[in-house]
Peer 1: 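Please find one structure pasted underneath; my questions will follow.
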Amino acid sequence: MAGLGSCADLNLATQDQEDRVGQFADAKPGCACEQDTLSEYSPGIVEDNETILRMVCVPMHIHSKKPELKSSFFSHIASFGASVQRLEKSTDEELTACVEGLVSGAEDRVWLGYVQASARAIRDVQVGKEGKQSFCVADAALENNRAHAEIHCAYRIPEADRIEYRVQLMNVFKGKTVLNRRSVRDGAIWNALGAELKTRALPPQWADLA
Amino acid sequence: MGANWDGEGAKAPVISTLRAASNFVCLLPTGMEMPEPMLHASGHAGLSWSSDDFYGELEFLENGYAAYYFSRGQERHKGVFAMEVDSIPAAITALLPT
């Protein structure tokens with residue numbers, strides 16, 4: 001990606017590319033783009049004390065018998081980047097639109113809940129490489145969602161090591177205890193959803209999180 | 001199931017990896033705990049086992065290999081192994097939950 005000077009340029013050039021994360025790692029190693037804004041819509045760089053949310057909306061990402069996530073929930077950390085929301089920077093409307101956008105794309109999707117972690121906790125993870133940050137949390141604001149951010153692997157990792165990275169991220173986000181969808185903003189996001197999205201059936205193992 | 005099944009640009013399932021996962025399950029010794037199937041954004045099939053102090057996962061790759069990661073307490077095992085049609089390598093069987 002020679003010639004792409006800024007993180008914003010890199011963001012635009014790689015938006016639909018499967019190797020987006022690898023290109024960021026090559027062109028801006030050491031999570032350099034955490035210190036830069038990636039978009040003209042950005043509310044600023046992601047600070048360590050921000051709360052990072054990832055919505056759970058795809059049944060393929062949950063265990064078939066237990067109310068837990070599978071590590072596949074974080075598969076995108078090595079390709080396009082895993083989309084997340086910056087809680088403190090999100091308006092209620094942006095959070096609602098985020099859920100609606102994810103769920104309305106297919107009839108089998110349903111808002112199952114969410115997981116959260118601080119940006120600091122995500123950045124503190126060190127897998128394998130002694131003393132080296134494994135995950136970047138970077139601003140990736142969109143025109144219609146200024147609080148959008150992404151989690152990337154900080155460097156290229158071989159396929160053989162990807163499971164361990166996903167599992168470590170699952171631990172940070174406490175993937176065994178998905179949070180109730182009604183608890184975001186004290187129910188404001190749930191209440192704002194349309195009736196069709198609220199009445200989508202939950203899988204039986206999710207009954208306690210209704 | 002086609003591409004973008006997760007709404008975030010996932011690839012369509014890679015059939016060869018689904019077959020490899022299915023074959024692996026068929027080769028599990030009788031009585032062994034059945035794994036949870038999974039599908040990654042790469043289109044690769046996977047299998048996992050989880051309990052309070054144990055986690056195991058396999059990801060079936062397109063080159064006939066599978067990546068593995070197992071943790072039990074402080075123990076960690078990871079790497080890749082060549083998939084065989086008629087058997088599971090003994091070193092992998094030894095890591096599976098009983």
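The basis for the numbers below is simple: all heavy atoms, side chains too, and nothing from hydrogens, waters or symmetry mates.
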Peer 1: May I ask you to decide whether Arg123(A) forms a salt bridge with Glu34(A), counting only side-chain N to carboxylate O separations under 4.0 Å?
Peer 2: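 Glu34(A) and Arg123(A): salt-bridged.
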Peer 1: Between Gln23(A) and Gln17(A), does any side-chain donor sit less than 3.5 Å from a side-chain acceptor?
Peer 2: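 Checked: Gln23(A)/Gln17(A) side chains pair up, N/O donor to acceptor below 3.5 Å.
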Peer 1: Could you please state which residues from residues 51-61 of chain A sit under 4.5 angstrom from chain B, measuring non-hydrogen atom to non-hydrogen atom, sorted by number, or 'none'?
Peer 2: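 From residues 51-61 of chain A, the residues near chain B are Arg54(A), Val58(A), Met60(A), His61(A).
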Peer 1: Using a cut-off of under 4.5 Å for heavy-atom pairs, which of Leu61(B), Asn4(B), Leu58(B) has the most such pairs with chain A?
Peer 2: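 Between Leu61(B), Asn4(B), Leu58(B), the count favours Leu61(B).
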Peer 1: Thinking salt bridges, do Arg120(A) and Glu50(A) make one under a 4.0 Å N-O criterion?
Peer 2: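 Glu50(A) and Arg120(A): not salt-bridged.
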Peer 1: Is it the side chain or the backbone of Leu39(B) that comes within 4.5 Å of chain A heavy atoms, both, or neither?
Peer 2: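 Both backbone and side chain of Leu39(B) come within 4.5 Å of chain A.
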Peer 1: Using 4.0 Å as the upper bound for N to carboxylate O, is an ion pair formed by Glu57(B) and Arg166(A)?
Peer 2: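 Yes, charged N to carboxylate O under 4.0 Å.
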Peer 1: Are Cys7(A) and Cys33(A) within a span of less than 2.5 Å, counting SG to SG?
Peer 2: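 Answer is yes, sulfur atoms closer than 2.5 Å.
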Peer 1: Let me check something: any side-chain donor-acceptor pairs from residues 13-32 of chain B under 3.5 Å, sequence neighbours excluded? List them with distances.
Peer 2:
residue: Thr17(B); atom: OG1; partner: Val14(B); partner atom: O; Å: 2.8
residue: Thr17(B); atom: OG1; partner: Ala45(B); partner atom: N; Å: 3.0
residue: Asn23(B); atom: ND2; partner: Val85(B); partner atom: O; Å: 3.2

Peer 1: Between Asp6(B) and Lys11(B), does any side-chain N to carboxylate O distance fall below 4.0 Å?
Peer 2: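 Here Asp6(B) does not pair with Lys11(B) in a salt bridge, since their nearest N and O are not under 4.0 Å apart.
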Peer 1: Is chain B contacted by the side chain of Asp161(A), its backbone, both, or neither, given a heavy-atom distance below 4.5 Å?
Peer 2: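 Interface part for Asp161(A): side chain.
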Peer 1: For residues 72-79 of chain A, give me every residue with a non-hydrogen atom less than 4.5 Å from any non-hydrogen atom of chain B.
Peer 2: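 Hits under 4.5 Å: Ser72(A), Ser75(A), His76(A).
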Peer 1: Is it the case that His40(B) and Ser42(B) place a side-chain donor and acceptor less than 3.5 Å from each other?
Peer 2: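 No pair is found: no donor N or O on one side chain lies under 3.5 Å from an acceptor on the other.
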Peer 1: Contact part of Ser50(B) toward chain A, heavy-atom cut-off under 4.5 Å: side chain, backbone, both or neither?
Peer 2: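 The answer is both parts of Ser50(B).
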Peer 1: Who among Lys66(A), His63(A), Glu159(A), Lys65(A) has the most heavy-atom pairs with chain B under 4.5 Å?
Peer 2: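 With the most close heavy-atom pairs to chain B, the winner is His63(A).
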Peer 1: Could you tell me whether the side chains of Thr37(A) and Asp139(A) share a donor-acceptor contact shorter than 3.5 Å?
Peer 2: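 Side chains of Thr37(A) and Asp139(A): no pair found under 3.5 Å.
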Peer 1: Testing the basics here: between Glu94(A) and Arg146(A), what is the closest heavy-atom pair and its distance to 0.1 Å?
Peer 2: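 So the two residues come closest at OE2-N, 3.0 Å.
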Peer 1: Aromatic rings Phe24(A) and His152(A): how do their planes relate, parallel, tilted or perpendicular, breaks at 30° and 60°?
Peer 2: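 Perpendicular, since the angle between the ring planes exceeds 60°.
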Peer 1: Distance only, no hydrogens: is a donor on one side chain within 3.5 Å (strictly under) of an acceptor on the other, for Glu93(A) and Thr96(A)?
Peer 2: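 Side chains of Glu93(A) and Thr96(A): no pair found under 3.5 Å.
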Peer 1: Is chain B contacted by the side chain of Val167(A), its backbone, both, or neither, given a heavy-atom distance below 4.5 Å?
Peer 2: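 Looking at Val167(A), just its side chain touches chain B.
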Peer 1: Just wondering, do Pro43(A) and Arg86(A) contact through their side chains at under 4.5 Å, heavy atoms?
Peer 2: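 Yes, side chains in contact.
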Peer 1: If we ignore angles and hydrogens, is there a donor and acceptor under 3.5 Å between the side chains of Tyr55(B) and Arg72(B)?
Peer 2: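 No, no side-chain donor-acceptor pair sits under 3.5 Å.
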Peer 1: Tabulate, in ascending numerical order, the residues of residues 187-210 of chain A having at least one heavy atom closer than 4.5 Å to a heavy atom of chain B, or enter 'none'.
Peer 2: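 Within residues 187-210 of chain A, near chain B: nothing under 4.5 Å.
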Peer 1: Measure up the Tyr165(A) and Tyr155(A) rings against each other and bin them: parallel (under 30°), tilted (30 to 60°), perpendicular (over 60°).
Peer 2: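 Because their plane-to-plane angle is over 60°, the rings of Tyr165(A) and Tyr155(A) count as perpendicular.
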Peer 1: Highest number of heavy-atom pairs under 4.5 Å with chain B: which of Arg162(A), Glu68(A), Glu18(A)?
Peer 2: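 Winner by heavy-atom pair count: Glu18(A).
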Peer 1: Testing the 3.5 Å rule here: is there a donor-acceptor pair between the side chains of Glu62(B) and His44(B)?
Peer 2: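 There is such a pair between these side chains.
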